[in-house]
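Here is the structure we will look at.
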Amino acid sequence: MDRIALRGGKPLFGEIPVSGAKNAALPLMAAAILTDEPLTLLNAPALADVATMGALLGGLGVEVWRDRVVGQLSLRASAIESCVAPYDVVRKMRASILVLGPLLAREHKAQVSLPGGCAIGARPVDLHLKGLEALGAQLDLREGYVFAEAPGGLKGARIVSPVVSVGATENLLMAAVLAKGETVLENAAREPEIVDLAECLRAMGARIEGEGSSTIRIQGVERLRGANHRVLPDRIEMGSYMLAPAVAGGSVEILGARRDLVGALIERMEAAGVSIEDSPRGLRVSRKPGERLRAVDIETAPFPGFPTDLQAQMMALLTMAEGESRIEETIFENRFMHAPELTRMGARIEVHGGSALVKGVERLKGAPVMATDLRASIGLILAGLAAEGETIVSRVYHLDRGYERLEAKLSACGAEIRRLRDQPTTAARAAVA
Ligand code: UD1
């Protein structure tokens with residue numbers, strides 16, 4: 001397994017471009033199932049998760065190809081040859097569940113493996129399933145799979161979600177666009193990725209209103225057509241790179257960064273003492289090297305609140321802020337697995353259930369650490385950028401799921417970061433020792 005080696009303590013200067021959003025691209029790819037015409041996604045990131053979704057769709061009979069134009073991904077579901085999303089793919093990526101709604105909408109049947117638990121908590125899919133039942137699907141859970149069918153097609157319904165769920169909102173939106181009659185999704189997620197999906201579906205001929213608010217209304221149509229759609233910038237990648245000069249010191253222009261996508265992060269970073277200014281091509285983030293930041297409290301919440309997907313990165317920053325910061329994680333239980341790793345780098349963090357108390361230290365020290373999930377991994381990379389000496393982050397396959405050209409983007413700003421390719425175990429041990 002590859003590892004990433006960093007030598008920290010160097011301020012960063014330059015610019016970092018933001019790629020298309022992983023979490024927008026995955027549902028958009030699943031939306032290709034809804035039409036027999038081509039769907040072309042511009043600004044699609046080249047990431048392991050996008051490849052996994054491509055392989056899953058390929059197995060259903062969807063043609064998926066990258067055009068010569070960088071970042072352009074095309075999909076065509078002329079015919080659906082299989083309605084099965086197998087365990088081997090779903091276990092790698094929870095977002096595989098997003099094919100369930102579109103398959104039911106188009107083929108009136110689907111067989112999708114249940115994702116099971118994952119590193120950041122139980123993460124059930126009950127809301128997806130209950131919503132689809134409300135749309136008339138009959139579900140049977142056996143052998144680790146959900147067998148779903150809707151003889152005669154799905155029918156519009158009013159669905160009130162007890163919890164705000166991004167994935168369930170996306171699945172139900174994609175199911176409802178081809179259902180008979182009106183569907184109303186109440187307590188829907190308001191994330192920008194939902195708005196992006198709704199815009200793409202509308203370009204395909206769907207009738208949708210209210211995306212971006214907590215009530216989405218969908219009038220089912222007979223069929224959808226192909227479209228070209230530009231994928232939204234990745235606000236989590238954007239936020240992660242905004243935190244890089246904040247952690248390491250320096251001044252970096254984040255190209256394509258938008259205040260409307262990262263408002264809650266900007267507010268907390270400014271409260272901690274980081275400077276964020278509008279720049280010609282995005283946002284410029286600066287902090288004088290050596291200038292101490294202030295502790296701030298954060299609480300994760302659905303959009304427009306502070307994203308859970310930026311919590312680990314913000315914790316990396318707060319480990320070096322003056323005073324005590326309290327972090328409340330309200331979306332996922334067990335999402336502090338980066339805390340003990342940061343502690344190995346000299347951070348002082350006490351975790352009690354969904355709450356972490358970070359007592360700021362002057363500086364972190366490099367250490368070998370292990371990534372446990374995608375966002376924990378980038379949190380450790382950020383900490384390594386600031387730490388004295390060498391940090392080696394192992395299990396970086398997590399990073400490859402969500403960060404395109406990570407080392408290239410950071411080293412262009414002066415970071416000393418390199419990938420150590422997979423080696424025989426003894427050599428790997430020696431390198432880490
Ligand atoms: C998406 C994002 C993920 C992000 C998360 C929260 C993608 C591919 N992933 O994940 O990066 O961290 O939103 O912003 O877009 N829940 C249930 N039952 C369900 C579904 C969810 O109880 O059927 C709970 C979850 O356990 C969690 C909360 O609802 O506590 C929110 O989860 P959800 O918004 O569904 O996250 P994902 O869509 O899986």
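Note that ligands are numbered from 1 as they come in the structure, with each ligand's atoms numbered from 1 the same way. Small disclaimer: the values here were computed from a predicted structure and weren't measured.
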(request) With heavy atoms of Ile331 as the reference, note each atom of ligand 1 found under 4.0 Å away. (result) 27 (C), 30 (O), 31 (C)
(message) I need the contact type for Arg335 against ligand 1. Using non-hydrogen atoms and a strict under-4.0 Å cut-off, is it side chain, backbone, both or neither?
(response) side chain
(request) Output yes when the distance from some N or O of ligand 1 to some N or O of Val166 is under 3.5 Å, and no in every other case. (result) yes
(request) Check whether any heavy atom of Pro124 sits under 4.0 Å from an atom of ligand 1. (result) yes
(message) Using only atom types and a distance under 3.5 Å, with no angle test, would you say the side chain of Glu299 pairs donor to acceptor with the backbone of Glu328?
(response) no
(request) Report yes or no: do Thr183 and Lys155 form a side-chain donor-acceptor pair below 3.5 Å? (result) no
(request) Heavy-atom distances under 4.0 Å are what count here, so tell me which part of His128 touches ligand 1: side chain, backbone, both or neither. (result) both
(request) Take Arg335 and Asp309, measure what salt bridge (charged side-chain N to carboxylate O under 4.0 Å, His left out) needs, and give me the verdict at the end. (result) CA-CA 10 Å; Arg335 205 178 196 180; Asp309 284 353; 2.9 Å; yes
(message) Using a 4.0 Å cut-off to any heavy atom of Val163, which atoms of ligand 1 qualify?
(response) 29 (O)
(request) Given salt bridge (charged side-chain N to carboxylate O under 4.0 Å, His left out), test Glu407 with Arg419 step by step and report yes or no. (result) CA-CA 7 Å; Glu407 306 96 283; Arg419 184 174 288 247; 2.7 Å; yes
(request) Report yes or no: do Ser74 and Asp67 form a side-chain donor-acceptor pair below 3.5 Å? (result) yes
(message) Applying a heavy-atom cut-off of 4.0 Å, say which part of Phe332 lies close to ligand 1: side chain, backbone, both or neither.
(response) side chain
(message) Would Ser165 count as being in polar contact with ligand 1, using the rule that some N or O on each side must be under 3.5 angstrom apart?
(response) yes
(message) Could you work out, for atom 31 (C) of ligand 1, the closest of Val164, Asp49, Asp126, Thr308 by heavy-atom distance?
(response) Val164
(message) Please check: side-chain N/O of Glu211 versus main-chain N/O of Val195, any donor-acceptor pairing under 3.5 Å?
(response) no
(request) Number the atoms of ligand 1 from 1 as they appear, then name those within less than 4.0 Å of a heavy atom of Gly167, with their elements. (result) 35 (O), 38 (O)
(request) Ignoring angles and geometry beyond distance, decide whether Glu191 reaches within less than 3.5 Å of ligand 1 through its nitrogen or oxygen atoms. (result) no
(message) Please determine whether a side-chain nitrogen of the Lys or Arg among Glu193 and Arg235 lies less than 4.0 Å from a carboxylate oxygen of the Asp or Glu.
(response) yes
(message) Tell me whether Glu209 at atom CD has more than 12 heavy atoms from other residues, nucleotides or ligands lying less than 6.0 Å away.
(response) no
